[in-house]
Engineer: 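Input: one structure, supplied below.
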Number of protein chains: 2
Amino acid sequence: MTATSDTSGSSDTSGSPPSERPTSGSAAPEPPASAPRSEYDEKLLGILRSAAAIFAEKGYHRASIRDIAAATEISLSGLYYYFRSKEDLLFLIQEHCFGTLLERQRSALDPKQPAEARLRTFMGIHLSYFLANRAEMKVLSHESDVLTGTPGRKVHGLKRAYARVLLEIVDELRPEKGPDLRTATFGLFGMMNWIYTWHRDDRDAPADRLADEMATLFLEGIRAPGSARPAAGGQPPSPSIWRDGRR
Amino acid sequence: MTATSDTSGSSDTSGSPPSERPTSGSAAPEPPASAPRSEYDEKLLGILRSAAAIFAEKGYHRASIRDIAAATEISLSGLYYYFRSKEDLLFLIQEHCFGTLLERQRSALDPKQPAEARLRTFMGIHLSYFLANRAEMKVLSHESDVLTGTPGRKVHGLKRAYARVLLEIVDELRPEKGPDLRTATFGLFGMMNWIYTWHRDDRDAPADRLADEMATLFLEGIRAPGSARPAAGGQPPSPSIWRDGRR
DNA sequence: TGGGGAGGCGGACGAGCGTTCGAACGGCAG
DNA sequence: CTGCCGTTCGAACGCTCGTCCGCCTCCCCA
């Protein structure tokens, strides 16, 4: 695992208004999670939150900076004091979310615990963060391939690091001739990440119960003795109606 | 279940170039799936396919009609002979895909078979269609809330009907005090639909094997005796770093 | 008291967007 | 041959977008 603990390095080559990008490092060792921070940071965080909500609602490309200006009550041009471009804004949101999530998992997971307990911890944190920050997570899922160049690579790296955490847990859990590791792990991710598609606070269970139910389902499933016997009748190859195979 | 078998009704109020929208009804009883169709239909289908690929790659809003014109080698204005607007184009893609998928499931599922076999059939069809028409499915997932008004409602209805098919199967499978029906079903959908995010033909299993592995995992999981004991240590409520609960 | 920088704003710019219009082309019916 | 109709196109319209420029207002510190 490459030491991805650089606080702000690489891409921040220029110097926007406040010399560089000020204190918002993702790996700073501040113990209490709610430090007062500077007024600049406060405001930036507020902008990120509003922007995430708008990106989630309308999609990144359809949302305009003017929309964000209206929501934050900052003028169009005034916003550019806080980020360099619309892409930069998206990057800040994605990096902040993934960074926070990764940090939380790492500090909560105890390697000495058995894999099952770690799986439940992981899922609990993942789902509660997901449901608490739904807009941000939708942006994370939907606009994952918008960013290019260095920022894109940075977010991609965070994502891969995050996935690796779960991959390792699942790998411990997986019996000899169980399902394929990637299939099981990303299947589990799908189960969790699909949530923003259907979950409604007023009729579905809260995060911790969802995590429990999904964890149980997954744990029982992955421990299947041999396999639940694929059952004879699959279905014929059935040609695509899209005229050809569409690859 | 409301009789949602109307062939094309409601929204097609106007009359675009060829009188109305010609033969492409989703419930027409043509037995061989590969009818030659008219030249107009051929060309429209080709446009839909190209457009879906572009929408999948760049996202609906970022993709321009000019992009589609370039891909199809039809002039910008010439395209408007085949659809009324960009939204209409998206609608045609979504309706076609959901309609095809739903139709296939309905004709493949035999109510006399046990629930487990039906689950495997459903998953096999779903996953193979997904992987064969990846671009279209990405569009279906990503741009599901772009359409408004009548077209939006129509696609939404297809989606709900499709979900209901799986909901009913899972409901049969689910034991007394098993997981919540919606959680289990949409968890399963998530497992399958997340695929376009990670699956790569050159390293991951093909659709039918994926379907088998996921089905086994799910079947063993949902049949868990009591439950796999939620294990003492969850995690504390842990306040969102997004300053407040972000609801 | 005065100078300077952080923070903010109105207004404009060029580019790209979806859509439309009127004209042209080719084959078939009269 | 003449006229029509399905099909295609070039060129433009009006609009919204991201971004930038210059100017203003405060407040802090010397």
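What you see is a predicted model, and the numbers here were worked out from it, not measured in a lab. The sequence lines fix the lettering, A, B, ..., with proteins before strands; numbering per chain opens at 1.
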Engineer: Among C:dG18, D:dT8, D:dT19, which nucleotide sits nearest the side chain of B:Ser64?
Structural biologist: C:dG18
Engineer: Which heavy atom of B:Ala52 sits nearest a heavy atom of B:Val139, and at what distance?
Structural biologist: O-CG2, 3.6 Å
Engineer: I need the CG-C1' distance between A:Leu44 and C:dG8, as an integer number of Å.
Structural biologist: 16 Å
Engineer: Between A:Tyr82 (OH) and C:dG7 (C1'), how many Å, whole number?
Structural biologist: 6 Å
Engineer: Is it possible for you to check whether B:Lys43 lies under 6.0 Å from the centre of the six-membered ring of B:Tyr81, through NZ or CZ, and within 45° of that ring's axis?
Structural biologist: no
Engineer: Taking any heavy-atom pair under 4.0 Å as a contact, classify B:Ala63: base, sugar-phosphate, or nothing.
Structural biologist: sugar-phosphate
Engineer: The side chain of B:Lys43 is closest to which nucleotide in this list: D:dT8, C:dA6, D:dG18?
Structural biologist: D:dT8
Engineer: Classify the side chain of B:Arg66 and the base of C:dG16 as holding, or not holding, a donor-acceptor pair under 3.5 Å.
Structural biologist: no
Engineer: What is the distance from CG of A:Asp88 to C1' of D:dG18, rounded to the nearest Å?
Structural biologist: 13 Å
Engineer: Rounding to an integer number of Å, can you tell me how far B:Lys58 NZ sits from C:dC17 C1'?
Structural biologist: 12 Å
Engineer: Does a nitrogen or oxygen in the side chain of B:Tyr81 sit under 4.0 Å from OP1 or OP2 of D:dT7?
Structural biologist: yes
Engineer: Nearest-nucleotide wise, let me know which of A:Ser77 and B:His61 is further upstream toward the 5' end of DNA chain C.
Structural biologist: A:Ser77
Engineer: By the 4.0 Å heavy-atom rule, please label B:Ile74 as base, sugar-phosphate, or nothing.
Structural biologist: sugar-phosphate
Engineer: Centre-to-centre under 6.0 Å for B:Tyr40 and B:Tyr82, is that the case here?
Structural biologist: yes
Engineer: Whole-Å distance between C:dG26 P and B:Glu39 CD?
Structural biologist: 16 Å
Engineer: Cation over ring, B:Lys86 on B:Tyr60, under 6.0 Å and within 45°?
Structural biologist: yes
Engineer: Is any side-chain heavy atom of B:Tyr129 closer than 4.5 Å to a side-chain heavy atom of B:Met137?
Structural biologist: yes
Engineer: Checking contacts here: which listed nucleotide (D:dT8, C:dG7, D:dG18) is nearest the side-chain heavy atoms of A:Tyr80?
Structural biologist: D:dG18
Engineer: Expressed in angstrom and rounded to an integer, what is the separation of B:Lys86 atom NZ from C:dG18 atom P?
Structural biologist: 4 Å
Engineer: Of the candidate nucleotides D:dT19, D:dT8, D:dA12, which contains the atom at the shortest distance from the side chain of A:Leu76?
Structural biologist: D:dT19
Engineer: In whole Å, I'd like the distance from the CG atom of A:Asp67 to the P atom of D:dT16.
Structural biologist: 12 Å
Engineer: Could you give the CZ-to-C1' distance, from A:Arg62 to D:dC17, as a whole number of Å?
Structural biologist: 13 Å
